[in-house]
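Here's the structure we're looking at; comments come further down.
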Amino acid sequence: MITKVVGKRVERVGILDKVTGKAKYGADLEIPNALILKVYRSPVPHGIVRKIDTSEAAGVDGVVRIFTAKDIPGENLYGIINKDQPVLTGEKVRFEGDPIVLVAAEDEESADRALAALRVEIDELPAVFDPNEALKPEAPSIHEKGNLLFERKIVKGDVEKGFTASDIVIEETYETNMLEHAYIEPEVGVAYRDEDGCVVVLVTTQNPHSDHAQLVSILGVEPEKVRVIQTETGGGFGGKLDISVQPFLALAAYHLDRPVRMVYSREESFQATAKRHPLKIRMKTGATRDGKLTAMKAEIIADTGAYGSYGIAVATRAAVHATGPYEVPNVYVESKAVYTNNNWSGAMRGFGVPQIAVAHESQMDKLAESLGFDPITFRMMNAFTTGSVTPTGQTLNASVGIRETLKKIRPYYEQLLREADATQLSGLTGMKYGVGVASMWYGIGNTGHPNPSSAQIEVDHEGNVTLFTGAADIGQGSDTVLVQIAAETLGLPFDKIHLVRADTTLTTDAGATSASRQTYISGRAVYEAALEVRKQLVERAAKVFKVPANLMVCEGGFFFPQYREFQKLSLTDIIRRSLVPGEVIRGEGYFNPETTSLDPETGQGVPYTTYAFASQVSLVEVDLVTGQVGVVKTISAHDVGKAVNPANVEGQIFSGVAMGIGMGLFEQFYPRKTKSLDTYLIPTAMDVPEITPVIVEVPEPTGPFGAKGVGEPALIPTAPAILNAIHHATGWWVNRIPADLETIRGLTSADEMEKSKS
Amino acid sequence: MKISFTLNGKPVSCDLPSNRRVVDVLREDLGLMGTKEACGTGECGACTILVDGIPRLSCLMLAAQLEGRDVTTIEGLSKSGETLHPIQQAFVEAGAVQCGFCTPGMVLATTHLLSENPRPTREEIREALSGNICRCTGYQKIVDAVELAAEKLTEKGETA
């Protein structure tokens, strides 16, 4: 299909404002007379709140109002999947940082003085920080329902029979790290009550319509009494899916006759928002001598911390994806999300799949090595293809690009092997070079749940075209992609379309910017809306030309009867001739990809309509003396269905690889210890190598122009490719991430001790 | 105290507490919101401004340190009559912006790099920008943008 806008590297929507400093993020909004909000947080990880004495704090100069749990008019409980988190806790604190009191003051200094003057008495309870400990009967109970938040099982075939029929079985334990999203813009927002008494919250968010629903419940008001508007958002990566400042802003604006403002410091952003779930994974994989996978069994425990957040989704995704993109006839997975008194874990780019990929891709390399296959050949022998059946019993009917991605990285793999050998020969003593491969699959959209999107397009009597979408662009580029899809479908130039986005009064629900779903799901909703508008425009044009609608052509913003291009009229001409002032042409689009809920006992079902696939190869250098691992080169091939904007796809790949380097090599959030970016290091330009992106397009029939998604897939193969490369370089299998200096130095000294013994 | 300095080419005098942070002076007192604050402790580079042409972290500077200095923020980078400075134009053309929160600091750090080293290697670019962290782009398109900016400025016979 020849396209004019889709598939092109158009200039990003909003980029001019961003490079000139004019873009308005939450902290940049000028709201005269706004009060400053600050929160008092629990200094202990587990306890009962005995007494909150606000009298002294209330007397501090500049303090306007102090709020506690009893000031919340609606339900003092929120959570996207399961509601278990109080806005302000009046009874129990479950992690160091649980919010207890909210202060509204004239300025920051007064708010700080008020926080210092609060007297909060907490009877400390024994705390539990390890999810295995938390599951023991004698463990302190964090929530009334017990410490097991959720368990997901996947059962396919007979796993024990599968192992019996195997020539080789490898069983190993893997551990992954707790991570901080570290978006550069901390949480921020402002709020006020408008003339109709509606609480308007302008906030950095990935999830405006969900924020709205949660605020309506917290305030106990009618839906039209809350409006959420997404400000320009400085990154999210899943961390801005949960509400953060929203309920504090809404609560204060509800009670006070003044606008309010709240900005998290970096320290508060670290302490008070979700983290990536650390996973402990026991994985057992069997194969035959001729290289076919026979069975895979996995036990997964995810530390969800104090609250559920997206824990259920993470435990489920890790389970569903646990085999990797390979056919395995016999599968048994048990995946648990467990409460502890750590910082709560939630959504972070990939929802458990980057973690489980560390396990399945290490297993693949261990099996390949034992059986004498190279890593790409072994993956190719087992990779999904059209007609393959997944562990949940879903038959993959289309857009299965995993083999194509493996084929694409093969020549790079061979080239990097030669480079590694050559560098090793000419390199420094104590340096080791190795090449590693990893693949991944990733289901697009929510797991086994409906996750619709909707969009509207309007053309007014002057020919102005406006796209309305609830989708939050948080920097990944959905604004640009959605406008491209609308323009292509309408046959209009890219810059002809005006965008209204992510405002709960002006736009309808597009679902969250998460699960790599906006291009696929909201893109399809926009496509449907544009088709409807196009149909109406063609009908109008047909009347103008007095020909049947099926003989009209719509191309490049012009309409003409077939074979009569010389008579062409522009969209504006058609509109002026057929619409009266005030009249609009309007199209509605809706898309909800087909899924089924997973069987609670066996996990069987259709969790997603479509999956993205990828394969990656990395060359690493390992410094045996310092323990430092550097990624020298990375080639990453992604099957995205169709790259609506290849520049955006590449941007996501670069981004994902960079984040994967942090995850694989040095990032580690220690609850109650890690406070800020001074100890939580994220990759700088020096840590990230030159990356070669390879775009593979195996079209998805239900996607707009064949598109799927890439935001999270970009990250997933990176850490396992690094671990496999470290093995190739040194002979050591590293089974926990990050593979940091201490880990590598530890392996070096263990090796030296071994050698000195012999 | 009374502080006088040049801001984006224009003389400015204000009466400020000497210990007020420069990022607050710029954003709150002077309304220049292009300078971003992201960590407040000098770890991230988002609040980078140019002071006498040298990149400085405005979250770690106090108002008194501005006395007599020549300050450039993102708002003052392009010359009058020019929508975008060639470096900004290069960031747009290379698509080196995602969420954009680190962008003003990156652009200003680039300005200094190219004034010192008009044709840096990719490795030199990475080193020069290593104090400005970005979580979105993986840096590659930023390095592309700096190379492109270097070309644009050299072609024009200009320095940053």
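Predicted model, so just to flag it, every value in this text is computed and none were measured.
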For the residue pair B/Cys99 and A/Tyr25, what are the closest heavy atoms and their distance? O-OH, 2.6 Å
Among the options A/Ala23, A/Ala658, A/Gly14, A/Ala27, pick out the one with the most heavy-atom pairs lying under 4.5 Å from chain B. A/Ala27
Measure across B/Cys136 and A/Ser655 and return the closest heavy-atom pair with its distance rounded to 0.1 Å. O-CB, 2.5 Å
Answer yes or no: are there more than 12 heavy-atom neighbours, outside A/Lys675 itself, under 6.0 Å from its atom NZ? yes
Residue B/Ile142 versus chain A: region with a heavy atom under 4.5 Å: neither
Crowded around B/Gln65 CD? As in, over 12 foreign heavy atoms under 6.0 Å? yes
Do the side chains of A/Arg12 and B/Gln98 get nearer than 4.5 Å, heavy atoms only? yes
Tell me, side chain or backbone of A/Pro186 under 4.5 Å from chain B's heavy atoms, or both, or neither? side chain
Interatomic distance, CG@A/Asp678 vs CD@B/Glu43, rounded to 0.5 Å, equals 5.0 Å
For a quick test of reading the model, state the closest non-hydrogen atom pair linking A/Val688 to B/Arg126 and the distance between them. O-NH1, 2.8 Å
Kindly say whether B/Gly40 contributes a backbone atom to a donor-acceptor pair with the side chain of A/Arg266 at under 3.5 angstrom? no
Show your working on side chain to side chain contact (heavy atoms under 4.5 Å, CB included) between A/Val19 and B/His85 and close with a plain yes or no. CA-CA 10 Å; A/Val19 292; B/His85 183 278; over 6 Å; no
Please flag which part of B/Tyr139 lies under 4.5 Å from any non-hydrogen atom of chain A: side chain, backbone, both or neither. side chain
Measuring heavy-atom distances to chain B, does A/Ile474 have an atom under 4.5 Å in its side chain, in its backbone, in both, or in neither? backbone
Distance (rounded to the nearest 0.5 Å) between A/Ile184 CD1 and B/Asn132 CG: 10.0 Å
If I measure from the heavy atoms of chain B, does A/Glu690 come under 4.5 Å with its side chain, its backbone, both, or neither? both
Contact leader toward chain A among B/Lys36, B/Glu123, B/Glu28, B/Met106, where contacts are heavy-atom pairs under 4.5 Å: B/Lys36
Any chance you could measure A/Leu16, atom CG, to B/Gln89, atom CD, to the nearest 0.5 Å? 8.0 Å
Report which part of B/Glu37 has an atom under 4.5 Å of a heavy atom belonging to chain A: side chain, backbone, both, or neither. backbone
Between A/Gln652 and chain B, which part of the residue has a heavy atom less than 4.5 Å away: side chain, backbone, both or neither? both
Taking atom CZ of B/Arg135 and atom CZ of A/Arg349, what is their separation to the nearest 0.5 Å? 9.0 Å
Separation between CE (A/Met686) and CG (B/Leu129), nearest 0.5 Å, reads 10.5 Å
At a heavy-atom distance under 4.5 Å, which candidate from A/Glu30, A/Glu667, A/Glu232 has the highest pair count against chain B? A/Glu667
Taking side chain as everything from C-beta outward and backbone as N, CA, C, O, which of these in A/Thr233 sits under 4.5 Å from a heavy atom of chain B? Side chain, backbone, both or neither. backbone
Under the 3.5 angstrom rule, does the side chain of B/Gln140 hit a backbone N or O of A/Ile691 as a donor-acceptor pair? yes
Measure B/Ser130 against the heavy atoms of chain A and call it side chain, backbone, both or neither at under 4.5 Å. both
Verify salt bridge (Lys or Arg N to Asp or Glu O under 4.0 Å) between A/Glu650 and B/Lys141, making sure each step is shown before the conclusion. CA-CA 9 Å; A/Glu650 289 166 3; B/Lys141 284 173 189 260; 3.5 Å; yes
Chain B interface, residue from A/Ser676, A/Pro683, A/Gly662, A/Gly236 that has the most non-hydrogen pairs under 4.5 Å: A/Pro683
Answer whether the closest heavy-atom distance between the side chains of A/Asp28 and B/Arg27 falls below 4.5 Å. yes
Nearest 0.5 Å please: distance from the OG1 atom of A/Thr20 over to the CD1 atom of B/Ile74. 7.5 Å
Quick one: closest heavy-atom pair of B/Cys39 and A/Leu677, and the distance? CB-CD1, 4.0 Å
Side chain / backbone / both / neither for A/Tyr264 at chain B, heavy atoms under 4.5 Å: neither
